[in-house]
Structures are given as structure tokens and as C-alpha cells.
Chemist: 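Before anything else, here's the structure in question.
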Amino acid sequence: MGDSDATPRRRATFAAGLGGSMQPMNGKSAAASQSSVTADFGRDNGLGKRDRMVEIARAKSKSEKHKRRNDISERMSCHKTQESLLSSSSGFSNYRGILNWCVVMLVLSNARLFLENLLRYGILVDPIQVISLFLKDPYSWPAACLVIASNLFILVALYTERQLSKGSFTERVGFQVHCINMVNMLTFPAAVVLLVPSVTPVGGVFVVGTHTILFLKLYSYKDVNKWCRELSSVKAKKLARSLSCPSAQHLNGGDRKVCYPGNLTIRDMYYFVFAPTLCYELNFPRSPNIRMSFLLRRLFEMLFFMQMLVGLTQQWMIPIIESSMKPLEDMDLTRMTERLLRLAVPNHLLWLMFFYGFFHSSMNFSAELLRFGDRQFYNDWWNSETVTYFWQNWNIPVHKWCLRHFYKPLLRRGFSKMVSQSAVFFLSAFFHEYLVSIPLRMFRLWAFTGMMAQIPLAWCVGRYLRGNYGNAAVWMSIIIGQPFAVLMYVHDFYVLHYRQEAD
């Protein structure tokens with residue numbers, strides 16, 4: 001009973017104590033409690049800062065010890081297993097300094113040749129002579145007249161396609177009209193250049209080059225419109241091969257989509273004629289606007305490289321060619337080789353200037369002026385490790401045309417890849433010979449032979465050479481092989497005309 005009585009008393013005592021502790025504190029007791037808590041926090045914070053400073057000091061001490069230990073180790077051992085940078089197994093590829101050195105050496109060596117040329121021949125650049133290359137008779141412009149007359153072939157092609165779209169011509173009749181039109185497009189200017197003495201070689205190159213470009217363009221125009229008729233006859237909703245009716249993402253801004261036969265207009269035809277492409281589409285990709293700064297830069301480059309080509313030809317090329325006549329006539333092999341090597345360097349530099357001035361400057365100028373969107377006129381042909389890769393990438397518009405309108409149609413008709421590739425090289429060889437022989441009024445087949453020789457050369461380089469060796473072989477073929485045919489034509493032209501005049 002005593003324990004039972006004591007238990008309630010202990011509970012009452014605990015409740016009274018708890019109740020007393022729960023009573024509200026007065027102001028003095030609260031302030032004292034707050035100050036004691038703040039003091040405890042300050043002491044803890046101060047202890048934390050001192051601990052962190054001690055830890056930082058210890059870390060610095062360890063770092064210094066580790067550094068001294070590494071210094072001692074580096075003094076004891078300075079070698080490790082590694083390859084020399086110029087070894088292929090090193091994986092090193094940054095040769096920018098060597099490239100800069102090569103450029104400096106190239107500039108210095110050519111500067112020496114330029115000074116030597118000036119000291120030996122003086123200044124040979126003559127703008128008046130350049131004008132005479134285009135005009136023999138100032139009152140007779142046969143080359144310009146032939147270029148203007150090419151509009152007739154354009155209008156015949158447009159008229160034929162309009163008749164085909166309306167059903168007035170059958171496919172067979174339309175094909176025959178197109179064939180006659182395109183054959184005349186190549187034969188008529190060639191006949192005029194060969195028969196009219198007032199047409200100069202430079203004017204002849206301009207004429208036959210213009211008509212060759214028109215021939216390739218109108219052939220593509222004929223093919224694409226034929227594909228449109230074929231697909232419309234089976235009620236196709238999308239033209240996959242020519243993108244004639246693309247979805248909205250193929251068009252820019254407010255450009256209106258055109259579908260067949262709404263494309264058969266004079267405006268559409270002449271846009272394609274002046275556009276920097278050989279492959280026709282009903283809706284070309286368009287850039288949003290014309291950038292005047294870009295346009296002026298390209299125009300300046302065109303004028304600059306035109307002057308450089310003319311000046312270097314007069315100052316550098318012509319004297320070497322004239323000095324090489326006697327060794328070639330005497331068939332002195334040693335001196336012929338020396339002259340060929342002397343001609344190869346300036347000829348190659350002129351070719352590179354022509355490439356940049358035409359494929360980059362002039363084609364980008366016309367593309368910017370027409371807001372033509374596809375600016376891939378060339379690819380990285382300078383990295384070519386095979387001859388085939390070079391021909392596929394140095395002239396993209398011609399490559400696209402050959403692939404779309406010649407190579408793939410041959411494959412679809414059952415021909416093998418080898419036969420189709422050989423046919424493409426044959427076609428290219430024909431046009432190279434056409435563009436050279438007609439203006440010079442002589443037929444030597446150097447260009448044709450050089451192009452057909454690319455087939456075995458491509459096979460040999462692709463089979464036996466790889467990597468840098470293949471790239472070097474391609475560069476050698478460009479520097480020595482391709483200009484060789486042009487140089488032979490120039491030599492034969494000089495011998496044919498100037499030796500006869502001397503006799």
C-alpha cells in the first residue's frame with residue numbers, strides 16, 4: 001500500500017515540475033537564454049574556422065611534399081616509351097608549320113622565277129593584245145552573234161515541251177525534235193568557227209563552251225519534263241527524282257511552289273539557263289536574300305583573277321612556249337623534258353587560278369545574284385586519294401549531270417558499272433576534244449587520248465596506291481598529265497601558224 005500511495009505522489013510531483021517548466025518566461029530570462037545560445041554558436045563557428053585553416057595548412061604541406069617528391073623523381077628519370085613525331089605510329093597529325101614552310105618556299109622560288117623572267121624579257125603584259133584575241137575585225141563580232149543566236153535553240157526546246165504537255169506532239173515526235181535541236185546546237189557553231197576566219201581562238205572557245213553548256217542544260221530539261229509526264233500519267237503525287245513538287249520544307253519563305261506543266265514558261269526557262277547548274281528542277285532551293293557584300297567580293301575576285309590569268313600568260317607562259325619550239329622540232333628528248341617541266345609549273349598555277357576564279361568566284365556570283373541555294377560547285381578534290389574521287393569532286397555540276405542523266409540510266413538499262421564508267425569517260429573525252437580542236441581549227445586528239453588514259457590510270461592508282469601515295473599520284477597527274485595535252489595543242493598551234501608565216 002505504501003508503494004501504491006507513493007506512486008500518485010511522484011506523478012503529481014512530476015506534473016507540477018512539468019507545469020512549472022511550461023510557464024511563460026519573463027523578459028530577463030529569455031534574453032539570458034538567447035545570449036547563451038549566441039555565445040555557444042560563436043564559439044562553435046570560431047572552432048570551425050580554425051579547423052578549416054588547419055586542414056588547408058595540412059593540405060598545402062602535403063602538396064608541397066608531393067611536389068618535392070615529383071621533382072626528385074623527374075631528376076632521377078626523364079625518359080618514357082614514345083614514338084618520334086614523324087613516325088606514322090605516333091598518331092601526330094599537326095603539320096601546320098611544315099605547310100607554312102612549304103608555302104613560304106613556294107613563294108620565294110616563284111618570286112625568283114618572276115624576277116628572272118623580268119630581267120630576261122622585260123614587261124610583256126599588253127592589254128591591247130588581249131583585245132585582239134577576241135576581235136580581229138572591230139566591226140565584225142561573229143562570236144557574239146553566235147551566242148545571241150543560241151536563244152533560238154532555247155526557244156525551240158521550250159516550244160517542244162509545251163506541245164508535248166498539251167498532247168499536240170507525241171513522245172516520238174517530241175524526241176525527234178529535241179534530237180535535231182541539240183545536234184544543231186553542237187554542229188552549227190562548230191561549222192561557223194571552222195569556216196569563218198574572223199572568229200579568233202578565244203572567241204571560238206567562248207562560243208563552243210556556251211553551246212556545250214546549253215546542250216547539257218536542255219538535255220536535262222528534256223529528261224525532267226519527260227519524267228513529269230510519266231509520273232502524271234500514273235497519277236503520282238510526288239516527283240522523287242527531280243523534286244518537282246516538294247513538300248514545304250524544300251521551299252524558302254514566300255517562294256511559290258511550281259508543278260508541271262506550270263513550269264513551262266519563258267521566265268522559268270531563262271532562270272535555269274543562267275543558273276549555275278546543269279541539272280533542271282521545277283523548284284530550285286533559294287537563298288532568302290541577296291548579300292551585297294558577298295556579291296561585291298566575288299565580283300572583285302573575278303576581275304582580279306582575270307587580270308592575273310592574262311598577265312601571267314603573257315609574261316610567263318608565252319616566252320617559255322616560244323623557247324620550246326626548237327627542242328620540240330629537233331626532238332631533243334632532254335631539252336623537251338626540261339621545257340615540259342618549266343611549262344608544268346606556270347600552267348598548273350594558271351589552272352588553279354582558273355579553278356578558283358570560275359568555280360568559286362564567278363559561280364557564287366551568279367548564284368548570289370539569282371538567289372540560287374545550292375552552292376556546292378566543288379568538293380575537297382585536293383584530298384583525292386584516287387583518280388575517280390578527283391573526277392567526282394572537282395566539278396560537281398558536271399558530275400551531277402553525268403550521274404543523273406547518263407550513268408544511272410545506263411545502269412537501269414542493264415549495263416555494268418565498268419561499262420557505264422567507261423562510257424562517262426568517253427563522253428567527257430569527246431567534249432574535251434570538241435572544246436579544244438574546234439576553236440584551234442586542228443584535230444590532234446590529245447585531249448581525247450588524255451581523258452581516255454584516265455581509265456587505266458584510275459585503275460592503277462586505286463589498286464596499287466593508298467593514302468598519301470595515292471594523293472601524290474593524283475597531284476602528279478594534275479600537274480604533269482592533264483596540262484600536257486593543252487601544252488601539246490599550244491605547241492602544234494604555234495608550229496602550224498607561225499612557222500608557216502615564217503616560211
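Scope of the values below: all heavy atoms of this structure, side chains included, with no hydrogens, waters or symmetry mates.
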Chemist: Show which side-chain atoms of residues 174-186 pair as donor or acceptor with protein atoms under 3.5 Å away, not counting sequence neighbours.
Modeler:
residue, atom, partner, partner atom, Å
His178, NE2, Glu161, OE2, 2.8
Asn181, ND2, Phe153, O, 3.1
Asn184, ND2, Ile180, O, 3.1

Chemist: Restricting to pairs with a member in residues 341-356, which pass salt bridge (Lys or Arg N to Asp or Glu O under 4.0 Å), not counting sequence neighbours?
Modeler: Glu338-Arg342

Chemist: I'd like to check the ring pair (Phe, Tyr, Trp, His ring centres under 6.0 Å) partners of Phe448; sequence neighbours left out, ordered by chain and number.
Modeler: Phe426

Chemist: Checking Phe365 against Met302 for the side-chain contact (heavy atoms from CB on, under 4.5 Å) test, could you report, in this order, the C-alpha distance in whole Å, the side-chain angles of both residues, the deciding distance, and whether it holds?
Modeler: CA-CA 9 Å; Phe365 177 82; Met302 290 167 57; 3.7 Å; yes

Chemist: Please confirm whether the backbone N or O of Val424 pairs with a side-chain atom of Ser428, one donor and one acceptor, at under 3.5 Å?
Modeler: no

Chemist: Is the count of non-hydrogen atoms from other residues, nucleotides or ligands lying under 6.0 Å from Phe443 atom CZ greater than 12?
Modeler: yes

Chemist: Around atom OH of Tyr434, are there more than 12 heavy atoms of other residues, nucleotides or ligands at under 6.0 Å?
Modeler: yes

Chemist: Using modelled atom types only, decide if a donor and an acceptor are shared between the side chain of Asn364 and the backbone of His360 within a distance under 3.5 Å.
Modeler: yes

Chemist: Hey, mind stepping through Met308 and Phe304 against side-chain contact (heavy atoms from CB on, under 4.5 Å) and telling me if it holds?
Modeler: CA-CA 6 Å; Met308 287 290 294; Phe304 173 76; 3.7 Å; yes

Chemist: Considering only heavy atoms from C-beta outward, does the side chain of Ser165 approach that of Tyr260 to under 4.5 Å?
Modeler: yes

Chemist: Has Tyr270 got more than 12 heavy atoms of other residues, nucleotides or ligands less than 6.0 Å from its OH?
Modeler: yes

Chemist: Is a donor on one side and an acceptor on the other found under 3.5 Å between the side chain of Asn393 and the backbone of Phe390?
Modeler: no

Chemist: Is any side-chain heavy atom of Tyr159 closer than 4.5 Å to one of Gln163?
Modeler: yes

Chemist: For Leu296, what residues pass the side chain to side chain contact (heavy atoms under 4.5 Å, CB included) criterion, not counting sequence neighbours?
Modeler: none

Chemist: Among side-chain atoms of Tyr389 and Asn471, is any donor-acceptor pair under 3.5 angstrom?
Modeler: no

Chemist: Roughly how far, to the nearest 0.5 Å, is the CG atom of Leu411 from the CZ atom of Phe406?
Modeler: 11.0 Å

Chemist: For Val207, is there any backbone N or O sitting under 3.5 Å from a side-chain donor or acceptor partner on His211?
Modeler: yes

Chemist: What are the two closest heavy atoms between Ile455 and Met418, and how far apart are they?
Modeler: CG2-CE, 4.1 Å

Chemist: With sequence neighbours left out, which residue pairs that include part of residues 290-299 fulfil the side-chain hydrogen bond (donor to acceptor under 3.5 Å, both in side chains) condition?
Modeler: Arg291-Glu368, Arg298-Glu301

Chemist: Kindly compute the distance separating CG (Leu309) from CG (Leu349), expressed to the nearest 0.5 Å.
Modeler: 10.5 Å

Chemist: Got a sec, which residues hit ring pair (Phe, Tyr, Trp, His ring centres under 6.0 Å) with His432, two or more places apart in sequence or on another chain?
Modeler: none

Chemist: Which heavy atom of Leu278 sits nearest to which heavy atom of Ser220, and what is that distance?
Modeler: O-CB, 3.3 Å

Chemist: For Asn100, does the CG atom sit with more than 12 other heavy atoms under 6.0 Å from it, leaving out its own atoms?
Modeler: yes

Chemist: Drop me the distance from Leu341's CG to Ile480's CD1, to the nearest 0.5 angstrom.
Modeler: 5.5 Å

Chemist: Could you go through the side-chain contact (heavy atoms from CB on, under 4.5 Å) check for Ser420 and Tyr407 one step at a time?
Modeler: CA-CA 6 Å; Ser420 301; Tyr407 179 74; 3.4 Å; yes

Chemist: Do Asn263 and Tyr221 meet the criterion of a side-chain donor-acceptor pair at a distance under 3.5 Å?
Modeler: no

Chemist: Pair Cys228, Leu282 - check side-chain contact (heavy atoms from CB on, under 4.5 Å), show working.
Modeler: CA-CA 10 Å; Cys228 290; Leu282 275 70; 3.9 Å; yes

Chemist: Can you list the residues that meet the side chain to side chain donor-acceptor pair (under 3.5 Å) rule with Tyr271, with sequence neighbours excluded?
Modeler: Arg286

Chemist: Rounded to the nearest 0.5 Å, how far apart are CE of Met353 and CG of Leu350?
Modeler: 6.5 Å

Chemist: Between Ala143 and Gly203, which heavy-atom pair has the shortest distance, and what is it?
Modeler: CB-O, 3.8 Å

Chemist: With under 30° as parallel and over 60° as perpendicular, where do the rings of Trp401 and His405 fit, or are they tilted in between?
Modeler: tilted

Chemist: Just so I know, are the side chains of Asn379 and Ile396 near enough to count as touching, which here means a heavy-atom distance under 4.5 Å?
Modeler: yes

Chemist: How far apart are the closest heavy atoms of Pro439 and Val193, and which atoms are they?
Modeler: CA-CG1, 4.1 Å

Chemist: Quick one: list whatever passes ring pair (Phe, Tyr, Trp, His ring centres under 6.0 Å) with Phe359, sequence neighbours left out.
Modeler: Phe355, Trp394

Chemist: Under a 3.5 Å distance rule, please check whether Ser150 uses its side chain to pair with a backbone N or O of Val147 as donor and acceptor.
Modeler: yes

Chemist: Look up atom NZ in Lys400 and atom CG in Leu216, then write down how far apart they are to the nearest 0.5 Å.
Modeler: 15.0 Å

Chemist: Got a sec, which residues hit ring pair (Phe, Tyr, Trp, His ring centres under 6.0 Å) with Phe354, two or more places apart in sequence or on another chain?
Modeler: Phe358

Chemist: Is Thr212 close to Phe431 at the side-chain level, that is, under 4.5 Å between some pair of heavy atoms?
Modeler: yes

Chemist: Might you point out which heavy atoms bring Ala275 and Phe372 nearest each other, and give the distance in Å?
Modeler: CB-CD1, 4.2 Å

Chemist: Answer whether the closest heavy-atom distance between the side chains of Ile478 and Trp381 falls below 4.5 Å.
Modeler: yes

Chemist: Could you work out, with side chain to side chain donor-acceptor pair (under 3.5 Å) as the rule, every residue matching Ser437, not counting sequence neighbours?
Modeler: Glu433

Chemist: Nearest 0.5 Å, please: how far is OG1 in Thr160 from CG in Asn225?
Modeler: 11.0 Å

Chemist: Could you check whether any side-chain heavy atom of Val199 comes within less than 4.5 Å of a side-chain heavy atom of Pro197, counting everything from C-beta outward?
Modeler: no

Chemist: Quick one, Pro409 and Arg404 - any side-chain contact, counting heavy atoms below 4.5 Å?
Modeler: no

Chemist: Using the salt bridge (Lys or Arg N to Asp or Glu O under 4.0 Å) rule, collect all pairs that involve residues 166-195, keeping only residues at least two apart or in two chains.
Modeler: Glu171-Arg229

Chemist: Does Lys217 qualify as a cation-pi partner of Phe272, given the criterion of NZ or CZ under 6.0 Å from the six-membered ring centre and within 45 degrees of its axis?
Modeler: yes

Chemist: More than 12 heavy atoms of other residues, nucleotides or ligands under 6.0 Å from OH of Tyr356: yes or no?
Modeler: yes

Chemist: Does atom CD1 (Ile266) have a neighbourhood of more than 12 heavy atoms from anything else shown, all under 6.0 Å?
Modeler: no

Chemist: Does any non-hydrogen side-chain atom of Ile154 lie less than 4.5 Å from one of Leu214?
Modeler: yes

Chemist: Just to verify, what does Ala472 make a side chain to side chain contact (heavy atoms under 4.5 Å, CB included) with, not counting sequence neighbours?
Modeler: none

Chemist: Check Arg162 against Thr265 and note the closest heavy-atom contact, atom names and distance.
Modeler: NH2-CA, 3.7 Å

Chemist: Main chain of Val419, side chain of Ser416: is a donor-acceptor contact present, judged purely on distance under 3.5 Å?
Modeler: yes

